[in-house]
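Step one of this worksheet: look at the structure below.
FYI, side chains are in, hydrogens and waters are out, and symmetry mates aren't considered; it's all heavy atoms of this structure. For ligands, and for the atoms within them, numbers begin at 1 and follow the listed sequence. Small disclaimer: the values here were computed from a predicted structure and weren't measured.
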Amino acid sequence: MNHRAQTRFRVRPGSRLTGCVRVPGDKSISHRAIMLGAIAEGKTTIKGFLRAQDCLATAQAFKAMGVDISDGEGGDVHVNGVGLQGLQAPRSALDLGNSGTSMRLLAGLLCGQRFDATLTGDASLTRRPMRRIAEPLARMGASIQISEHGTPPLRIEGGRKLRGVEYRMPVASAQVKSCVLLAGLYAAGNTCVIEPAPTRDHTERMLAKFGYPIEWRKGEARLQGGGHLRAATIEVPADISSAAFFMVGATIAPGSELILEHVGINPTRIGVIEILRRMGAKIELLNQPMGDGEPVADLRVTHAPLRGIDIPAALVPSAIDEFPAILIAAACAQGETVLTGAEELRVKESDRIEVMTAGLQACNINVQSMPDGMIVHGGQLQGANVDCRGDHRIAMAFSIAGLAARGDIVVHDCDNVTTSFPGFSELAAAAGLQISVS
Ligand code: S3P
């Protein structure tokens, strides 16, 4: 393995997770709050905004298009909305770093502008598939170019008249759905997106919160172009995708009892709780206040022995980002866990099937990869060197695995943890993980 001079986590085994932890704000909701705040009329306040590289890339892109975004008191972020037609041409290409959400959602929104724009990103993002958005956007009348491999950079020509579509998505992707809906704001007539399986509905909920008429139910969303958005106050709950590492950690480490505060439990995101519970995890939902936006709860997670299961394919979209953590739980379970219907994992920040397979094998776990998933035979994790290949969630998953290993787990190439979870190692250490960073 060739280890570049990058952040490395070393985790010593034998500890447990206790106390009360609040993980940072939800990434998906933070992106959308900046985007919708920017095209709304008036001043939007975002509470609990995730100050991670991915969401900062979104904020930076809107600043480059003339939107005033500033820090307020107590960590609030203020966005001075310019209205649907108020964005200005950026002077150079918009660099969205590692963030697929920024690129795909922005592409939809930019197709409706009067100016041209180019969207690019880092080595991982410029390998990710973009035909899935270019195709429906072209159908709406947009001019969008991608590389011959179907990857970024995206070159969008403005000044096109968009028309609404009824789009049946071939893949279950909230990013594609949101991209088409955002283009639909600028299109003549109705835009309707039909999903092969329900995906996260944060865009739909937030458009409604900004006063934009939208109808949606499981697997389908519909809106009409030509309306407008009114500024709102958005409260961002803690990210269930970040909480997932702590859920698994507390489950696999004997003696653990951990409270995770104010976690977003949107029904389209809670596959991880459902899957871990089916494996035997003890996760209780406490204090569920009724709100008008996104549902939240405190989670109490207590150590519990796990058993392998067949993960129902229907649960995959609602746990799509949590598989690195879930597969660590599977490695610690008794028996076999089978994951299928998860080919989307191959086109995330890394090929997560390949990278998780290699990492678990390095830890002496018997794993077979398949085109659309993996079979994990639970066993005893051994200490190992793991290369997470720059994938933030894989870095955090193997750090948590250190709780149950028989030896140190050293995770290489962890710089990108800051794309979604700044302060991960400090928060994990405060809860009891014996982690050092070099
Ligand atoms: C996201 C949707 C998911 C998820 C990503 C965030 C979003 O991607 O993996 O981390 O905010 O819409 P897909 O919808 O493409 O599966």
Side-chain angles (χ1 to χ4, degrees), residues 24-36 49-50 52-55 57-58 96-109 121 124-125 127-136 150-152 167 169-182 193-207 216 219 221 234 236-237 239-245 264 266 268-272 294 313 315-326 341-353 372 391-394 396-397 416-417 419-421:
D26 187 277
K27 183 154 77 74
S28 292
I29 298 174
S30 295
H31 280 299
R32 287 158 172 82
I34 294 280
M35 293 183 190
L36 298 192
F49 177 72
L50 172 65
Q53 293 308 318
D54 276 12
C55 301
T58 291
L96 302 165
N98 197 244
S99 177
T101 308
S102 309
M103 184 169 284
R104 296 203 178 104
L105 272 59
L106 254 176
L109 204 142
S124 154
L125 182 54
R127 281 196 298 267
R128 295 182 66 184
M130 294 296 152
R131 214 160 262 142
R132 52 180 62 195
I133 54 162
E135 203 263 319
T151 52
Y167 187 59
M169 295 198 301
V171 283
S173 163
Q175 294 182 351
V176 176
K177 171 178 64 176
S178 303
C179 166
V180 174
L181 290 174
L182 292 177
V193 186
I194 300 157
E195 310 179 275
T199 64
R200 64 192 68 190
D201 62 1
H202 303 304
T203 303
E204 296 90 311
R205 284 174 188 256
M206 205 182 288
L207 279 168
W216 80 99
I234 301 294
V236 183
D239 197 329
I240 190 168
S241 299
S242 299
F245 303 107
N266 180 312
T268 59
R269 295 281 299 278
I270 53 175
V272 58
E294 293 281 350
L315 287 176
V316 167
S318 63
I320 193 67
D321 289 339
E322 287 67 73
F323 284 104
I326 291 168
E343 55 279 348
E344 276 295 295
L345 294 181
R346 294 209 177 265
V347 291
K348 292 294 175 189
E349 287 82 330
S350 70
D351 177 340
R352 287 186 173 157
I353 293 177
D372 69 337
D391 187 319
H392 56 135
R393 299 203 198 281
I394 294 185
M396 293 185 273
N416 280 339
V417 165
T419 62
S420 68
F421 198 153

Taking Glu349's backbone N and O only, do any of them form a donor-acceptor pair with Ser124's side chain (distance below 3.5 Å, no angle check)? yes
Nearest heavy atom to atom 16 (O) of ligand 1 wins, so pick from Gln175, Lys348, Glu344. Lys348
For atom 15 (O) of ligand 1, find the nearest protein heavy atom and state the residue, atom name and distance (0.1 Å precision). Ser173 OG, 2.9 Å
Please determine, by modelled atom types, if Arg269 and Ser241 share a side-chain donor-acceptor pair under 3.5 angstrom. yes
For Arg200, which part has a heavy atom under 4.0 Å from ligand 1: side chain, backbone, both, or neither? side chain
Using a 3.5 Å distance criterion without hydrogens, assess whether the side chain of Ser30 forms a donor-acceptor pair with backbone atoms of Leu50. yes
Which of the atoms of ligand 1 are close to Thr101, meaning less than 4.0 Å from one of its heavy atoms? 1 (C), 6 (C), 7 (C), 11 (O)
Looking at Ile353 and Ala342, what are the two nearest heavy atoms and their distance? CD1-O, 3.8 Å
Of the backbone atoms (N, CA, C, O) and the side-chain heavy atoms from C-beta on, which set of Arg32 has a member under 4.0 Å from an atom of ligand 1: side chain, backbone, both, or neither? side chain
Report, in ascending order of atom number, the atoms of ligand 1 lying under 4.0 Å from any heavy atom of Ser28. 1 (C), 6 (C), 7 (C), 11 (O)
Determine yes or no for a side-chain-to-main-chain donor-acceptor pair under 3.5 angstrom, with Ser318 supplying the side chain and Leu315 the backbone. yes
Numbering the atoms of ligand 1 from 1, which are under 4.0 Å from a heavy atom of Ala174? 12 (O), 13 (P), 14 (O)
What part of His202 sits under 4.0 Å from ligand 1 if we count only heavy atoms: the side chain, the backbone, both or neither? neither
Restricting to heavy atoms, the pick from Ile133, Thr268, Asp54, Asp321 nearest atom 10 (O) of ligand 1 would be Asp321
Checking Asp26 side chain against Pro237 main chain: does a donor-acceptor pair fall under 3.5 Å? no
Salt bridge or not for Lys177 and Glu204, using N-O below 4.0 Å? yes
